Structure formats: structure tokens, C-alpha cells
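Order of the sequence lines fixes the chain letters, A, B, ..., with proteins taken first and strands second; residue numbering starts at 1 for each chain. Predicted model, so just to flag it, every value in this text is computed and none were measured.
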Number of protein chains: 2
Amino acid sequence: MAAQQRQVTLTDVARAAGVSTATASRAINGSSRRVSEDIAARVKRTAEELGYLPNLSAQTVAKGASPTVAVLLSDIADPYFSAIASGIMARASEAALMVTMAASERSGARELQMLRTFRSQHPRAIIVAGSRDEENAHSQEVTAALRAYAETGGRVVVISQGPSPFDLVDIQNHDGARKLAHALLDRGGANFGVVSGRVTLHTNADRINGFRTGLAERGHTLADDAIVEAEFTRDGGYVGMQELLARREDLGAPLDTVFVTSDMMAFGAATAIRDHGLSVGTDISLAGFDNVGLTQDVTPAMTSVEIPLHEVGRSAVRMALGSGTEPVHLAVQTHVVLRASTPQR
Amino acid sequence: MAAQQRQVTLTDVARAAGVSTATASRAINGSSRRVSEDIAARVKRTAEELGYLPNLSAQTVAKGASPTVAVLLSDIADPYFSAIASGIMARASEAALMVTMAASERSGARELQMLRTFRSQHPRAIIVAGSRDEENAHSQEVTAALRAYAETGGRVVVISQGPSPFDLVDIQNHDGARKLAHALLDRGGANFGVVSGRVTLHTNADRINGFRTGLAERGHTLADDAIVEAEFTRDGGYVGMQELLARREDLGAPLDTVFVTSDMMAFGAATAIRDHGLSVGTDISLAGFDNVGLTQDVTPAMTSVEIPLHEVGRSAVRMALGSGTEPVHLAVQTHVVLRASTPQR
DNA sequence: AAGTTCTAGGAAAACGCTTACCTTGTGACC
DNA sequence: GGTCACAAGGTAAGCGTTTTCCTAGAACTT
């Protein structure tokens, strides 16, 4: 490997072009001040020849803010978050912003830690994706950290969690679940069960409540013991469904339709149903939430509630770029996509 | 919103604690030089009280390198990449490194652009995930940019693409596909077809060649017109399979087993088979590659070749942290996971 | 032609940190 | 008791930028 080379600095370019660093800076990296055509051209050419690349950190120190948005999410391997991340990265790239990302793995302590690191970076904005968890011991401190960041001039955009003192991309979980309930009733569902991730997560609570509301509007009820709580993962869905099937006999009427609060869980739940010797659709109708790409590829294709996740990510960046002083709340509509897993019965 | 506040700097802390900035720096952010217990404690306490957070950019400028790894990948919404990213982020977090990430969306021009931005950042390492595409017009320039970066002291880690002048996490695609061929022969497959993403992508080429090699080792051949090339996406899999089914009659013998070069494509392919009125498993055995989480949840569960993607991501960071001068190549083994989509026939 | 306003370049301070170098005080050694 | 080594603090230079002044000349006014 070749001997280590020093990076080309603006000073090098300036000297080579025979101008001051001030002029070089203005010519290359832009400024309100203008530079005469010929000099600017000469400087740019010299920069090109020398292979100059601006030092982002130095720029950040000098300017006081870096062209970066920081993204905090629970788990990038989850398609829900990776779809959002994809939108964020796409929009950020258009706005010439870098993206730095970290996963909290749903640990409050880690969340706090990453937020500290983010703040050290002085990003233009911090985007927090992932439902606030009421049981999270660090929830207070997280909010405090975000507020402190906002007070030093940063923007905070939160994706998907109830009322918020910050900019908010508000996914209509409640309404989506409510509409899903109507749709399932229309398909002849009569006895409902729910498999949910931990209800201390607002997202899950909203979806359950919305579902219950939807049923209630048509005079149906959801028994408390027809709701099973499990891990908010594919495997959690499997286990939760097993539990629900075990409780099945004890329930007053035979269960015919199950709402699982996320697609990933629903995929696990479907496998549990089959492992139990039953058939998805025929024996038990099954619906998920999020409408991730694979809902249409599983068999039977899974009914779900679509959230335009990519667009949610893009919107978050758009809001991060905003400059208003009042927090903006953007409601993102969701809608039901009926598929074979919930046939007419 | 409160009036904008100035951030607390090291100078503030030093003054408040009654020491010089040199001492404060040594006490808080560590150094080879030691500081007496009591002073260190006082400084730390003061920093805590004032809510001091180090300015990462300033540190980077002063030290010449930032505690960051930059990750360039094709598309974060693809589970293949998000699994890798997840491993990268986990390992990076352990090593107290930030992660900045960008998606090329498979455009060479964009790839080059992001690489420039990355270089501006002076990260400790750049990790490139995603197969090199031979048709990529910018391929040369990309390599040149990476080399230039390496020459200024950065480390480059490449995930999954043949021989490389850089550190390499070498996923054994060829070998995995070869073993898959054996396994499918053992299950009684006799007439094979392949649906692949563009073969100009090394990954696809390796998988096809490995599969062909595996067949050849048992005296079977793969006809050229039994290979269909399509987009390297779920929808590409659907379209590619349609095409293969259309060609089916023209093929000498009745197709009984199809290898699709990625799971995502295979999911699409399965739907195409069903839409064509055939059944996956019974009529046509189907196998994918990557073993993404959902292979076990589709029906029938999909045979695939496992790549420990999370571990791949972790390894990439581990190598990025290395300091050797010679490029390291790490071979990552793959192995076949047989499921119901390829029953004994 | 004298005065005024622009214009475009340069010098140097500033951003927040690290670190090479200097200084002083302490204890070890003989 | 004098020399030395060393430890632990401070001073100030430096990292690569941007930006605030300053200045000299050009281009207008009248």
C-alpha cells in the first residue's frame, strides 16, 4: 500500500491558484459574496486538478451546523423501519444531506446514549422513528435530551407517537385499525381475537383501541381475554397466536377472525395457525398491519393496513428542513388492503 | 420555543472548573497524559452540571479522523441489505462508532457522488455493500475514489465481490449454489431452470455458475435457454418466472425445479407460478438464496441458502477497525436450508 | 475634478478542540 | 545538599474552514 498521503486542503488550492484562502473558499464552497468569473474558474480548475475535497468537519466547526440528519430507530432489520429509512435516505440525498443512523434495539439506555452522540454531531435535525414506550424508564430523559437539542437550534421530528411537543409525522394507527374492523365485519367476521405487541407501546395501544372502536361502532365487543400480548416480532406473533389458540376453547364463542397488530407478527401467527393444524383463511381469518411488501407473497396473501412508509420517511426529512417555530403535525392516512387471508365468510 | 442557546464548550467547563482547557480536555475526553484524581473528578462534575457535550466535528478537525464508519449500500429497504446494516450498526455501536449511511439505488453516478461526500467526512472506514456491476460505467472511477481514500489513511471494506484490492468479506455464493444443486438433485430434481437478476452483477453470475458446477459434478447440465434474466427485485422474480414458464414448452424436458438467485425474487416467482395455475412444490420445486427471515413464513416454506448476514455486517466493522497493511479476505460460508418448497420427488 | 458609493480581493480572527512544548514543584539518588 | 528525573499543570500552536473587517481601486455622481 502506498505511503500515506496528506489530504489536499483549501490552503493548498489557494496557494496553487495564487489567491487567498478567503477567495478560494468563496469560489468553491459558495457564499453570499461574489467572486469574479475568471478567478472563480481558475480556482475551481485548480481544485479539480489537485483532487481537493472539502473537509466537512472543518466546515461544520466554522459554520456551526453540519449538513446531516441523524436518525434514531429501533431496528433497521425490521421492514417497517427499513422502509422508513429508505424514504429518509432518498429525500436526504436530494437535499444534499448526509444521514447518520443508529438503532436503539428498543433499549432506553441505548437510546439515550445514541442521542448524546447525535447531539455531539450538531446535525441539522434528529428524526426519531419508533413508538414511544410508556414503560421505558428513560422516556423522560429522552424527551429532555431532545428538548435540549431543540433549544440549541436543532429540529426534532418524531415519527408515529401521539401528541408531541416536536414536529410529528402522525401515522393514523387508530383510524386504520378502526376501518379494518369495519372491513372484517363486512366480510362476516363475528368473533374476534387480537394478538398484539406490548401495549405499553403507543402504536399497539392505538391499533387495539382503534380496532375496538371500529367493532363498537357496529355493536360488537372485544373481550379482554381475547387479546394476547407478546413480543413485537415475528416470533412473538407465533407465540402469541399459540397462546390465543390455547385460550380458544375457553372463549365464549368460536374465534373466527384475528387481528395481529403488525405484519411481521402476523406472519409468525400464520405459521402458528398452520402448526396447530388449522388453515389460515378457511378456519381463521387473519389480518396484519403495515402492509409490508411481502403481504402479497405469503399464502394466502395477507390482509393488512397500508402505511405509506417510504413517503413517511420523505416527509420526515421535509419537515426537518422546515424553519417554522411552531411544531408541525402531519397526519398520514392509512387504508385497508383486503386479501385472501380474510375471505368472505 | 425558547430563545436559542449557545452550546456549552470545553472552554466554559475549563473556566468554571478553574483549570486550563488542556487539562479539561485531558480529563474529559481522555488522553495519554494523566490528570490527578481530584482535578479530573472536579472537571467531570463541572462538565456534567453544565451539560457539556463534546463537539465531534471539532474533535475530528483536531485529531484528523472521525469516529465514524460510512456505509454505502444499494437499497436499505431490501432485507438483504438491512440485515447487513443491522450487523454493522450493532458492532459499530459496541465500538463507539457512528454510522453514516447512503443508498446508491444502484446508480453508478450516485454511488460516486456519495463516495465523494463520504470522503469529505474523513470516516475511519468506508464499507461498500452490494455487488459490483460489470456494466456499471462508473465502476473504474468508484475504485479510483476508494483507492484515493485508502491512500489518505482510510480503510475500505467491501462486502461480497470477487477479488479485491481492499479488505473483503467474501460471501461464498458459488459454493452455496453448488451445494444447493447437490441438495436439489438429492431431492429428485431432474430438469432445472434458473431465474436470475442481471448476470452482470457478480453475485448473480457466481450463483448461476456455482449452480451449474454443482449440477455438472453429478453429470447434469443446465441449458442456456433455461436461464432467464430479470430485475433483481421481487417484481423481477415474478416477470422472470412468467418468462420461464412461457419457455417451458419449448424446453426439451418438463421443468421440475427452479433456482431463483434471491429470496425476494423467489417470492415473486412463487406468486407467478400460482398465477399460472400451478402449485409450488407439487408442480415445480422452487429454491431461493439468502435465507431472509420470511422464507419460513411463506407457504410452502422456501428452500434457500443461508448467509449469516448480520454476522457479515459485524465482521465488516471488525475488519474496518483492523490496522494491518495487507488487505484481508474473510470467507463467509453459506449453507443450504431445505424446506417444503422443494419436496422429495 | 472632487466626492461618494460599490466592488472584489486579502489579512486575520474565530469556530471548539487536541497536543507539542514549556514550566514548576516534587521526590529519588548518591 | 545538589543533581536529576519525572509528574502534572499551563501556554499556545495548530487542525481546515468561514467570515468579519479592512483596503485599494473602479464606477458613479454632481
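The nearest heavy atom of DNA chain C to A:I39 and to B:A24 marks one nucleotide each, and the one closer to the 5' end goes with A:I39. Remark on DNA chain C: of its neighbouring residues B:L53 and B:R26, the 5'-side contact belongs to B:L53, judged by nearest-heavy-atom nucleotide. Nucleotides of DNA chain D nearest to B:A62 and B:A22 differ in position, and the one nearer the 5' end is that of B:A22. Residue order along DNA chain D, read from the 5' end via each residue's closest nucleotide, puts B:V35 first among B:K63 and B:V35.
As rounded to whole Å, 12 Å separates atom C1' of D:dG16 from atom CD1 of A:I28. Atom CZ in B:R15 sits about 20 Å away from atom P in D:dG9, given to the nearest Å. For the pair B:Q121 CD and D:dC15 P, the computed distance is 21 Å after rounding to whole Å. Atom pair A:L56:CG and D:dT18:P shows a separation of 10 Å (rounding to whole Å applied). Distance B:R34 CZ to D:dC6 P: 16 Å, rounded to the nearest Å. One interatomic measurement links the two molecules: CG of B:L10 to C1' of C:dG16, which rounds to 8 Å at whole-angstrom precision.
Phosphate proximity of D:dT17 to A:S25: absent, as no side-chain N or O sits under 4.0 Å from OP1 or OP2. Distances shown here put a side-chain N or O of A:S36 below 4.0 Å from the OP1 or OP2 atom of C:dG9. Within the 4.0 Å cut-off from OP1 or OP2 of C:dT18, at least one side-chain nitrogen or oxygen of B:Q59 is found. At the phosphate of D:dG9, neither OP1 nor OP2 sits under 4.0 Å from any side-chain N or O atom of B:S20. OP1 or OP2 of C:dC15 has not a single side-chain nitrogen or oxygen of B:N55 nearer than 4.0 Å. Close to D:dG16, at under 4.0 Å from its OP1 or OP2, lies no side-chain N or O of A:T9.
Here C:dG9 is the nucleotide among C:dG9, C:dT18, D:dG10 with the atom lying nearest to any side-chain atom of A:T23. Closest to the side chain of B:Y52, from the set C:dC17, D:dT19, D:dA12, is C:dC17.
Atoms CG and CD, from B:L112 and B:Q140 in turn, are 11.5 Å apart once rounded to the nearest 0.5 Å. The distance from atom OG of A:S93 to atom CE of B:M114, rounded to the nearest 0.5 Å, is 4.0 Å.
Using a 4.0 Å heavy-atom distance criterion, B:R33 is classed as a base contact.
The residues A:E94 and A:R314 are annotated as salt-bridged, a charged nitrogen and a carboxylate oxygen being separated by less than 4.0 angstrom.
Remark: B:E48 CD is loosely packed, at most 12 non-hydrogen atoms of other residues, nucleotides or ligands lying under 6.0 Å away.
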Output, in order, the C-alpha distance, side-chain angles, deciding distance and verdict of side-chain hydrogen bond (donor to acceptor under 3.5 Å, both in side chains) for B:R26 and B:T23. CA-CA 5 Å; B:R26 300 199 259 251; B:T23 305; 4.6 Å; no
